[in-house]
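Data block below; observations after.
Computed over heavy atoms, backbone and side chain alike; hydrogens, waters and symmetry mates excluded. Each chain gets a letter, A, B and so on, in the order its sequence line appears, and its residues count up from 1.
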Protein chains: 2
Amino acid sequence: MKPDYLAAIKQFYGKAKRLPSYSEMLDLFGLSSKNAVHKIVHKWIEDGLLKKENSKLAPTGKFFALPLLGMVRAGQPILADENKSYLTLDEYLIDDPSSSFLLKVRGDSMVNAGIFEDDLVIIDMKRSALSGDIVLAEIDKEWTLKYLKKDKNRIYLEAANDKYPPLHPKKELKVHGVVMGVIRKFRS
Amino acid sequence: MKPDYLAAIKQFYGKAKRLPSYSEMLDLFGLSSKNAVHKIVHKWIEDGLLKKENSKLAPTGKFFALPLLGMVRAGQPILADENKSYLTLDEYLIDDPSSSFLLKVRGDSMVNAGIFEDDLVIIDMKRSALSGDIVLAEIDKEWTLKYLKKDKNRIYLEAANDKYPPLHPKKELKVHGVVMGVIRKFRS
DNA sequence: TATTCTATAGAACGATCGTTCACTTTGTCA
DNA sequence: TGACAAAGTGAACGATCGTTCTATAGAATA
């Protein structure tokens, strides 16, 4: 049974958020020669898992991203080598980390948009909101998650649930952020 | 206008997936003394953004994770300093990266579970599926995304859409993975 | 203006870095 | 069995690392 060096270094990166040095890999892999490590790393670089960037080791997307498969109806969903695609959820969903945050959803006003209670939505505070966007808004001092709509010259909010009527602001309507995406966990 | 060193290093990490060395920070920050960098980094360590791990620099969760806010009804959603919480989407959704992949959803058979066409679902191939889980299954050579149900001793599949009837396997039913979560992007 | 504080400069240091050499062991296949 | 390839050992190297020292410049304070 050969030791799985790749699993070991991935686990290290997962915990430390950095790659180990060669010396650390000696311990990690249970080896005693840096040359052995050097060869292993060299192979990973050739495989495109790692790369040398400014003469320092860094992971590529392939190293820690997940493969993305397409569903082929009535066939096995396979990721052909040619059009392989990998992505990390953070990169996929978050455009600007410095202006984004997550919000745990309360209420059922957006169920028709597929946003349920306890889902997490990613909010970008710097994005300019377009009509039709789902936004985090403050309408007459009340905060809520709704569709932003424009009717002639008036701006108002609309739920994605027939139970709730459209909301027209009496005094003011502030948009605090645009909902970029939603994530929901089924199992833990 | 003071240069925003933190933004610079975050941008570096976002691109390279590693922290820069002190020498690289010199360029990055436009400084010419490593001592200046050393003090800046020291401050970040004190603030809990970075940490020394095995005498090497590594980011903490606070460095790159997003703040998670709770929605307070009729109040501003605020993250109090005491119960601050940060998380990355990858860590939140992916339990075991080595046995997981993403699948782009086709069809509307799971709309009632809030899974729409073109959503991405995270599939874990090693999880054992429980009754009621959403699974990626192969039923009589056809691949599909459905609820896994158990009726007495028989196992079958059920859509989350009234349009579709339950599926009982004629010959075989293989579960290839459990749907751990779903993500949907509204804006790009 | 004089004083204090903070941020940066500049140089020096030992420690660790990754690379490379020659050599040995192990496993595979004809 | 013999030959070759793959994987690991062990030592040496210059380069770069992060730390620490003292010194200087500018802003803040009084």
Item checked: Pairs satisfying side chain to side chain donor-acceptor pair (under 3.5 Å), at least one member in residues 6-16 of chain A, at least two apart ->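 Counting only pairs at least two positions apart or across chains, no side chain to side chain donor-acceptor pair (under 3.5 Å) contact touches residues 6-16 of chain A.
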Item checked: Sequence neighbours excluded, every pair satisfying side chain to side chain donor-acceptor pair (under 3.5 Å) that has a member inside residues 160-171 of chain B -> Asp108(B)-Lys163(B), Asp108(B)-Tyr164(B)
Notebook entry, point to check: Under a 4.0 Å heavy-atom cut-off, which of residues 16-34 of chain A touch DNA chain C?
Noted result: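 Correct list: Ser21(A), Tyr22(A), Ser23(A), Lys34(A).
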Next item on the list: Identify, with sequence neighbours excluded, every residue that meets side-chain hydrogen bond (donor to acceptor under 3.5 Å, both in side chains) alongside Asp90(B).
Entry: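 Partners of Asp90(B) under the side-chain hydrogen bond (donor to acceptor under 3.5 Å, both in side chains) test: none.
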Next item on the list: Rounding to 10 degrees, work out the angle separating the end axes of the helix from dT1(C)-dA30(D) to dA30(C)-dT1(D) (five pairs an end).
Entry: 40°
Could you tabulate the donor-acceptor pairs under 3.5 Å formed by side-chain atoms of residues 181-188 of chain B, not counting sequence neighbours?
unit_1, atom_1, unit_2, atom_2, d
Arg184(B), NH1, Gly114(B), O, 3.3
Arg184(B), NH1, Asp119(B), OD1, 3.4
Arg184(B), NH1, Asp119(B), OD2, 2.4
Arg184(B), NH2, Ala113(A), O, 3.3
Arg184(B), NH2, Gly114(A), O, 2.5
Lys185(B), NZ, Tyr92(A), O, 2.8
Arg187(B), NH1, Asp133(A), OD2, 2.3

Notebook entry, point to check: salt bridge (Lys or Arg N to Asp or Glu O under 4.0 Å) with Glu46(A): which residues, sequence neighbours excluded?
Noted result: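 Partners of Glu46(A) under the salt bridge (Lys or Arg N to Asp or Glu O under 4.0 Å) test: none.
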Notebook entry, point to check: Does Lys17(B) have any salt bridge (Lys or Arg N to Asp or Glu O under 4.0 Å) partners at least two apart in sequence or in another chain, and if so, which?
Noted result: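 Salt bridge (Lys or Arg N to Asp or Glu O under 4.0 Å) check on Lys17(B) returns Glu91(A).
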Item checked: Residues within residues 38-57 of chain B bordering DNA chain D, heavy-atom distance below 4.0 Å ->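 Residues of residues 38-57 of chain B under 4.0 Å from DNA chain D: His38(B), Lys52(B).
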Next item on the list: Evaluate the side-chain proximity of Pro20(A) to Ile9(A): yes if any heavy-atom separation is below 4.5 Å, no if none is.
Entry: yes
Under 3.5 Å donor-acceptor pairs involving side-chain atoms of residues 23-41 of chain A, not counting sequence neighbours:
unit_1, atom_1, unit_2, atom_2, d
Glu24(A), OE1, Arg18(A), NH1, 3.1
Glu24(A), OE1, Ser21(A), N, 2.8
Glu24(A), OE2, Arg18(A), NH2, 3.0
Glu24(A), OE2, Asn54(B), ND2, 3.0
Ser33(A), OG, Asn35(A), N, 3.2

Notebook entry, point to check: Hey, is the side chain of Tyr5(B) poking within less than 4.0 Å of OP1 or OP2 on dT8(C), counting only N and O atoms?
Noted result: yes
Notebook entry, point to check: To which residues is Phe116(A) joined in a hydrophobic cluster, defined by side-chain heavy-atom contacts under 4.5 Å among Ile, Leu, Val, Met, Phe, Trp and Tyr, whether direct or through other members?
Noted result: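 Phe116(A) clusters with Val111(A).
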What side-chain donor-acceptor pairs closer than 3.5 Å can you find for residues 148-158 of chain B, not counting sequence neighbours?
none

